[in-house]
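Taking it in order: structure first as structure tokens, then the write-up.
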Amino acid sequence: MSAGGRRAVAPLGTCETGGSGRERSTPSPERGAEVRGPEDPICRGIFQVEKRSCDVVLTSSRLTWTPIEPESPTDNKMVSQYKTEFVELKEVFGVKMKRRRSARQQKGGTLLGIAIFVCIKKGQNKLKNRAIHLSNLSEDYCNVWFKHMKDILTEHFPNRPKYLKVVINPYSHRTEAKQVYNEQVAPLFKLADIKTDISITEHEGHAFSVLMECDIQEFDGLVCVGGDGTASEVAHGLLLRAQIDAGRDIDSNFTPVRAPLPLGVIPAGSTNILAFSVHGIKHPGTAAMHIIMGNFQKVDVCTFCSHNRLLQFGFTAMLGFGGRTLALAEKHRWMPSTQRREFAVIKTLTNLKPENCELSFLPSENVYAVDQEDKRILDKQSNHNSKRSREMLREIKFWHFPDNEDKWQTIQGHFLNISIMAIPCVCSMAPRGLAPNTRLDNGSMSLIAVQNCSRADFIKHLKRYGNLKNQFDFPFVQTYAVQEVKIRTGTKHRWTDTTSDKNVDFHSSHSSVISLKENCPWNVDGNLLEGTSEVNIKIHSQLITLYGRNIEECDDVTVKCSCL
């Protein structure tokens, strides 16, 4: 024991015998070349953790520390409180040498030890970072530990990004995107030693141009900071770039290739439906931690085509009330975002009118099987008098699963709103989601058709999105699980021949959003698609990979460290 009552630091490559007479071996760096199991010690020594001297052991899978018991304990209660604690290295995302520096000092400084940064789970979906401080004043000693931990993080977790392309929309919501990135995201990327190449967009379509011009092969991933419109533009640009690089002819009936890079969505907009659906929460830090940890979630994407030409890649679309509301809001951009949205909703409800449409759709087999399994489980749960189970059973009852799933079905009539959604579309205004029965990656999308009804009944339907009641439990609402949808507004003409598209006025088949002459507004992922009388929407399973994790599967504890 040292004079201060603490054990002296055992140099690497030596054996230390404690007061109990037990011999503890600390492997030397030369022995690191040996083949070790996940629990074999790589380093072992003494650090101070939370002002207590601890015996610290590093293996390839975890870091463990045990407070050192006094040689002559005088308080049995204090001794009984000593316990071994650990953190799994799969939850560690950064290691730094901790130094004390003066205010103007940029480099060097007095060594204090090693800081280890860990991803922890707070609540159901929120991720945060916490630091574990291993204090020791020996430069050589800390350097060896630092090198071993950095090597483990590099070799064992190759999916974690090292170089990211970041696209920031400074005009999102209340022009907070740059502040959100600089204050909540950039510091975490720095702790994880992630290099970034940042582009600040200046106008609509700029993000698309950036993706068309940059060398995406040199990056490990793509990150966008903004709202749903920004995320949609970046996702569309990433997928379109993939088609161009693969030589796909997007002006024909093509089969799209998958996006070459994973996409991270940092929420900095008004609704943030895409980020909310993937992360289960609107929290920039959580989105950043999913990127840092290399958590991947494959997500379905729709192609929106007209006259056999690609209009856009997207996740959601609304025609009727949803499209008219967005079109009206876009005309009043001078208003604050919240007031603009409320004004547009009230004004559209005041002038509520149905759209004359013909819907043809191909029912999905995949969702039928999934929901039948859900129904079997819920039937079993309902025997235990579960209120939530009974509510979900009522929802499933309103999903249509025709017997001939391989045949097209057609509906014609007047509709107040038509929604097509490949993701659940969870947000603060719809905590259960606009399409709660939809999954992120099951190769199916929801078709929700609201037929003509009174304004009062339509408002009742809208209000149910904000609570836990079933918003589809109305006779004028029809819901379908589909693979493909064709929508034609008006019924004067038959479906256009897909080969006769020479007279269609396209500004550019490679633009981020294509505008057509006819006035039929579509809301596609929060972007206004000034429409066409005919649109073909098709689902493509797991076409893009987002940084995140399926919120339905995030029930496990992220880190088992009792000290945090």
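The structure presented is a predicted model; accordingly, all values stated were derived computationally and were not measured.
Relative orientation of the F208 and H236 rings is parallel, given thresholds of 30° and 60° on the angle between their planes.
Looking only at side-chain heavy atoms (C-beta outward), V278 and Y547 stay at 4.5 Å or farther from each other. For the pair V299/T545, no side-chain contact is recorded, criterion being any heavy-atom separation below 4.5 Å from C-beta on. Considering only heavy atoms from C-beta on, F315 stays 4.5 Å or farther from D300 through its side chain. Residues P424 and L434 have side chains not in contact (no heavy-atom distance under 4.5 Å, counting atoms from C-beta outward). Using a 4.5 Å heavy-atom threshold, the side chains of H133 and K98 count as touching. The shortest distance between side-chain heavy atoms of L274 and D525 does not fall below 4.5 Å. A heavy-atom distance below 4.5 Å is found between the side chains of K463 and I459. Using a 4.5 Å heavy-atom cutoff, the side chains of M445 and I423 are not in contact.
Contact between T325 and A344 at its shortest, heavy atoms only, is O-CB, 3.4 Å. Nearest approach of R62 to E88, heavy atoms of both residues: NH2-OE2, 2.8 Å. When every heavy atom of Q184 is checked against every heavy atom of G285, the shortest pair comes out as OE1-N, 4.3 Å. When all heavy atoms are compared, the tightest approach of Q542 to D441 is NE2-O, 3.4 Å. In terms of heavy atoms, S444 sits closest to T438 at O-CG2, 4.1 Å. Between I273 and C427, the closest heavy-atom pair is CG1-CB, 4.0 Å.
For K96, the NZ atom sits in a packed shell: over 12 heavy atoms of surrounding residues, nucleotides or ligands are nearer than 6.0 Å. By the 6.0 Å contact criterion, NZ on K282 is enclosed, its count of non-hydrogen atoms from other residues, nucleotides or ligands being greater than 12. No more than 12 heavy-atom neighbours from other residues, nucleotides or ligands sit within 6.0 angstrom of NZ on K190.
Judged as a side-chain hydrogen bond (donor to acceptor under 3.5 Å, both in side chains), not a single pair has a partner in residues 205-218 (not counting sequence neighbours).
R52 and E85 are joined by a salt bridge, as a carboxylate oxygen and a charged side-chain nitrogen come within less than 4.0 angstrom of each other. The pair D245-R241 meets the salt-bridge criterion, since a charged nitrogen lies less than 4.0 angstrom from a carboxylate oxygen. Salt bridge present: K150 and D193 bring a charged side-chain N and a carboxylate O closer than 4.0 Å.
Judged purely by atom type and a 3.5 angstrom limit, N523 uses its side chain to pair as donor or acceptor with the backbone of G526. Put simply, the side chain of S277 gets close to the backbone of V426: a donor and an acceptor are under 3.5 Å apart. Of the possible donor and acceptor atoms, one in the side chain of R464 sits under 3.5 Å from a partner among the backbone N and O of N470. A donor-acceptor pair under 3.5 Å is absent between the side-chain atoms of E176 and the main chain of P170, judged by distance alone. Not a single donor-acceptor pair under 3.5 Å links the side chain of Q48 to the backbone N or O of L134. Judged purely by atom type and a 3.5 angstrom limit, N136 has no side-chain atom pairing as donor or acceptor with the backbone of F47. The closest donor-acceptor contact from the side chain of T286 to the backbone of L127 lies under 3.5 Å. Judged by distance alone, the side chain of E233 and the main-chain N or O of G205 form a donor-acceptor pair under 3.5 Å. With hydrogens and angles disregarded, no donor-acceptor distance shorter than 3.5 Å links the side chain of N125 to the backbone of I281. Here the side chain of H461 pairs a donor or acceptor atom with the backbone of Q471 at under 3.5 angstrom.
With rounding to the nearest 0.5 Å, the separation of CD1 in I420 from CD1 in I418 is 6.5 Å. Atom CG of D220 sits about 11.0 Å away from atom NZ of K195, to the nearest 0.5 Å. Here the CZ atom belonging to R341 is positioned 11.5 Å from the CE atom belonging to M335, to the nearest 0.5 angstrom. Interatomic distance, CG of L222 versus CG of L263, reported as 5.5 Å (0.5 Å rounding). Between the OH atom in Y181 and the CD1 atom in I198 there is a gap of 4.0 Å [rounded to 0.5 Å]. For the atom pair NZ of K121 and CD of E91, the computed distance is 10.5 Å after rounding to the nearest 0.5 Å.
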Derivation and outcome, side chain to side chain contact (heavy atoms under 4.5 Å, CB included), residues I448 and Y480
CA-CA 7 Å; I448 304 169; Y480 304 87; over 6 Å; no

Run the side chain to side chain contact (heavy atoms under 4.5 Å, CB included) check on V95 and F117 step by step: do they pass?
CA-CA 6 Å; V95 181; F117 299 95; over 6 Å; no

Test log, rule side chain to side chain donor-acceptor pair (under 3.5 Å), inputs D228 and T271:
CA-CA 7 Å; D228 288 321; T271 53; 2.7 Å; yes

List the steps, then state whether side chain to side chain donor-acceptor pair (under 3.5 Å) holds for Q312 with S232.
CA-CA 9 Å; Q312 188 173 342; S232 175; 3.1 Å; yes

Could you check L543 against L239 for side chain to side chain contact (heavy atoms under 4.5 Å, CB included), going step by step and ending with a plain yes or no?
CA-CA 8 Å; L543 194 61; L239 285 165; 3.8 Å; yes

Verify side chain to side chain contact (heavy atoms under 4.5 Å, CB included) between V185 and V225, making sure each step is shown before the conclusion.
CA-CA 10 Å; V185 179; V225 186; 5.9 Å; no

Under the criterion side chain to side chain donor-acceptor pair (under 3.5 Å), I'd like the reasoning laid out for T303 against H540: C-alpha separation, chi angles, the key distance, then a yes or no.
CA-CA 8 Å; T303 50; H540 301 277; 2.9 Å; yes

Donor-acceptor list for residues 158-169 side chains, cut-off 3.5 Å, not counting sequence neighbours:
{"from": "R160", "atom 1": "NH1", "to": "V92", "atom 2": "O", "distance (Å)": "2.6"}
{"from": "R160", "atom 1": "NH2", "to": "K90", "atom 2": "O", "distance (Å)": "2.6"}
{"from": "K165", "atom 1": "NZ", "to": "D197", "atom 2": "OD2", "distance (Å)": "2.5"}
{"from": "K165", "atom 1": "NZ", "to": "S199", "atom 2": "OG", "distance (Å)": "2.6"}
{"from": "N169", "atom 1": "OD1", "to": "Y171", "atom 2": "N", "distance (Å)": "3.1"}
{"from": "N169", "atom 1": "ND2", "to": "S172", "atom 2": "OG", "distance (Å)": "3.2"}
{"from": "N169", "atom 1": "ND2", "to": "T230", "atom 2": "OG1", "distance (Å)": "2.9"}

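Residues passing the ring pair (Phe, Tyr, Trp, His ring centres under 6.0 Å) test with F304, sequence neighbours excluded: none.
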